[in-house]
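Keep in mind that what you see is a predicted model, and the values were worked out from it rather than measured.
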Amino acid sequence: MLIWGSYSASPNIGSDSGYNLAFEFVKYLVKYYPDSYAYILLPKMSKISLRGDEDELVKKGNLFLVDTGMPPRRYAASLLGGADAFRVIKVVQKQKIVFDTAILNFLMGYPLALSVFSKLGYEGIRPISRIDWFDLFKVDPHTQRFMTDLVVVMSRYYPVVVHSKWCIQRGLRLPLDSEPAQEILKWGIWYPYFDGEKIKRRFGRTDNDVPKIIFNHRPKRYTGLPKVVKAVKKLKEMGVKVKIYISTYHVGANVRGLFNEFGGIHGFWAKYGDVVEPIHMKKDVYYQRLPTFDAEIAFHDPDGASWSISVLEAVASGCYPISHGRYFYEEMFDGQLPKFPDNEQGLVDAIQFYVDNREYCDKLAQKLADHVWSRWSWEVGIHDVMKIVKKSMVEPDLDVNSKIYKYLKDLDVVDLASVNIDYLLAKSPEAGLNVGQKSNVLLRLMCLLRHLGFKDMGGFTPVFVREGKTDGRNK
């Protein structure tokens, strides 16, 4: 396996969710297919403190962590720069990497990846792309339609794999029964599975007189933190006897404003200390303590996420998911959760429902835990993923590029004049793109057109623009 990901700019790549997903996949791949090995291509400046299971795989020769020297991802929707294809070629040649299939965690790497593979003599490889298309909400509607068309086109010939069905419905804005959605679903779904070897499960109820509820997600707006903060205020006013523990890991500036009315985050803890308490745990301690909680809050926004591993971890540990029961949660729990409005009052009502019906909810929690372990653990998921991998290794259609070209031409998007570059570059109130994102979308388009055989780009050169000026280093 060659795993080529657009990993983050974090100094410690081990904290990046994309890297962790790649590693967990390799871990279970080797467990069930012991002759397998994988190369994970990493950006420059990555620092990794190998954990025990990682170090073991490296020593056995099943895992190779390769520093490509490429720049890290700067924001979620970014594409690796135009020169990166050549760097990958050099790295693969220098390392003498041999692989049967490749996995990308971004779709727009296809043109670059295919270019690399053809130069290296890997024409028969169809890379798998695992994508989360919720970044489409950050672009204007015209670019969104173009991106959706591109996903559908690629999925006709290459394994374009989404996180969930909800990702297709909300991220790509496609009905599940539509032909384009079925084109994508034919490859299968690569769900974010949880690592069962880390989880300790509690059977039965806890001994807690006052229910202990954990908010075990990143403290972000899309994970529901604003609703939690407002709900805490109402719960105190109502006199509901619960204790909510909020993870304080990386409370960024974008959410600190939620606590201004309380005199800051410390004022919030002080004023509502009988209802809420901050909690900060290292990962190993977190997994040990999860079974001591009665329930966890699962109130993600519809446009911010397509799945949640932290919810799976809590439910697998025996916690009851206090949730609105909507969006991807219906898919995750087969519609077994009661429904509540997706707002702070809905969260208050869901918590009150748990307090008033604790015996029923605790029994349901055990049923949901059984479901999660049987469906969403890597022990099960690795075999579903390998079905996708085997589909990617079927001998590809050698005329695939001309078919993609014809399909795009039918859509009227291969003619540069019809792409409407103005929507990508011009400043318009409805676009919602900053200058860097607009130029990034243009770069993606150029890469696609080059892959489709456009040698002469009519004088167009992909240029990253910052504040209206050309950055010559990125030409």
Side-chain angles (χ1 to χ4, degrees), residues 5-6 17-18 21 73 75-79 103-111 113 126-192 222 300-308 326-332 342 384-385 388 391-392 403-404 407-408 410-414 418-420 423-424 430-433 437-438 440-445 447-448 451:
S6 176
S17 58
L21 179 138
R73 171 174 61 110
Y75 54 91
S78 66
L79 168 71
I103 299 171
L104 315 176
N105 73 342
F106 53 100
L107 176 79
M108 290 306 171
Y110 267 119
R126 296 187 299 184
I128 300 168
S129 182
R130 184 181 181 277
I131 56 175
D132 184 344
W133 275 94
F134 282 78
D135 288 315
L136 282 183
F137 285 99
K138 302 175 183 178
V139 302
D140 65 278
H142 303 276
T143 305
Q144 184 185 65
R145 283 194 292 272
F146 171 74
M147 296 293 198
T148 299
D149 285 340
L150 182 58
V151 174
V152 175
V153 170
M154 290 296 188
S155 69
R156 292 195 169 203
Y157 310 103
Y158 300 107
V160 177
V161 186
V162 292
H163 282 60
S164 61
K165 293 179 181 178
W166 175 249
C167 188
I168 294 177
Q169 292 173 280
R170 192 71 175 185
L172 292 175
R173 307 282 184 146
L174 294 173
L176 285 178
D177 59 354
S178 66
E179 183 180 348
Q182 293 302 311
E183 285 285 352
I184 297 170
L185 289 171
K186 73 182 180 185
W187 298 106
I189 300 176
W190 186 331
Y191 288 98
Y222 75 86
H300 286 73
D301 292 342
D303 296 344
S306 59
W307 206 252
S308 174
R326 304 173 186 275
Y327 320 138
F328 64 83
Y329 290 116
E330 290 196 63
E331 186 176 353
M332 182 181 284
D342 180 19
D384 292 336
V385 174
I388 298 172
K391 288 180 182 179
S392 76
K403 289 184 177 180
I404 292 178
Y407 189 76
L408 284 175
D410 292 341
L411 289 174
D412 227 11
V413 298
V414 288
S418 70
V419 174
N420 203 338
Y423 280 113
L424 304 181
E430 69 274 9
L433 285 171
Q437 288 171 316
K438 291 172 185 174
N440 192 272
V441 172
L442 180 60
L443 175 62
R444 291 174 169 181
L445 177 62
C447 292
L448 172 66
H451 171 59

**Q** If you take all heavy atoms of P175 and A181, which pair is closest and at what distance?
**A**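 Taking P175 first and A181 second, the nearest heavy atoms are O-CB, 3.2 Å.
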**Q** How long is the gap from NE2 on H163 to CD1 on I189, to the nearest 0.5 Å?
**A**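 Separation between the atoms: 11.5 Å.
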**Q** Give me the atom names and distance for the closest heavy-atom approach of I388 to G188.
**A**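 In this case the closest contact between I388 and G188 is CD1-C, 4.1 Å.
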**Q** Run S308 and F328 through side chain to side chain contact (heavy atoms under 4.5 Å, CB included) and show every step you take.
**A** CA-CA 9 Å; S308 174; F328 64 83; 4.1 Å; yes
**Q** Mind checking whether M332 and W166 have side chains closer than 4.5 Å, heavy atoms only?
**A**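 They are not in side-chain contact.
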**Q** Determine whether a donor-acceptor pair (N or O, by modelled atom type, separation under 3.5 Å) exists between the side chain of Q182 and the backbone of L176.
**A**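 Side chain of Q182 to backbone of L176: a pair is present.
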**Q** Provide the closest heavy-atom pair for W187 versus V161 in the form atom of the first, atom of the second, distance.
**A**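 Looking at all heavy atoms of both residues, the shortest contact is CB-CG2, 4.5 Å.
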**Q** Could you give the distance from OG (S306) to CD (Q169), rounded to the nearest 0.5 Å?
**A**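 So the gap between those two atoms works out to 11.5 Å.
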**Q** First locate atom CD1 of I168, then atom CG of L185, and finally report the distance between them rounded to the nearest 0.5 Å.
**A**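 If I round to the nearest 0.5 Å, the distance is 3.5 Å.
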**Q** Between D384 and Y191, do the side chains contain an N or O donor and an N or O acceptor separated by less than 3.5 Å?
**A**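 No, no side-chain donor-acceptor contact under 3.5 Å.
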**Q** Let me see the working for Y329 and H300 under side chain to side chain contact (heavy atoms under 4.5 Å, CB included), right down to the final yes or no.
**A** CA-CA 9 Å; Y329 290 116; H300 286 73; 2.6 Å; yes
**Q** Would you compute the distance between atom CG of L21 and atom CH2 of W190 and round it to the nearest 0.5 angstrom?
**A**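 The distance works out to 6.0 Å.
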**Q** On a heavy-atom basis, which atom in K186 and which in K391 lie closest, and how many Å separate them?
**A**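 For K186 and K391, the tightest heavy-atom pair comes out as O-NZ, 2.8 Å.
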**Q** What pairs meet the salt bridge (Lys or Arg N to Asp or Glu O under 4.0 Å) rule with one or both residues in residues 159-169, with sequence neighbours excluded?
**A**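 Every candidate salt bridge (Lys or Arg N to Asp or Glu O under 4.0 Å) pair involving residues 159-169 fails, so no pair, neighbours aside, qualifies.
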**Q** Please check if the side chain of S155 supplies one atom and the backbone of V160 the other of a donor-acceptor pair under 3.5 Å.
**A**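 Pair absent, no side-chain N/O of S155 close to backbone of V160.
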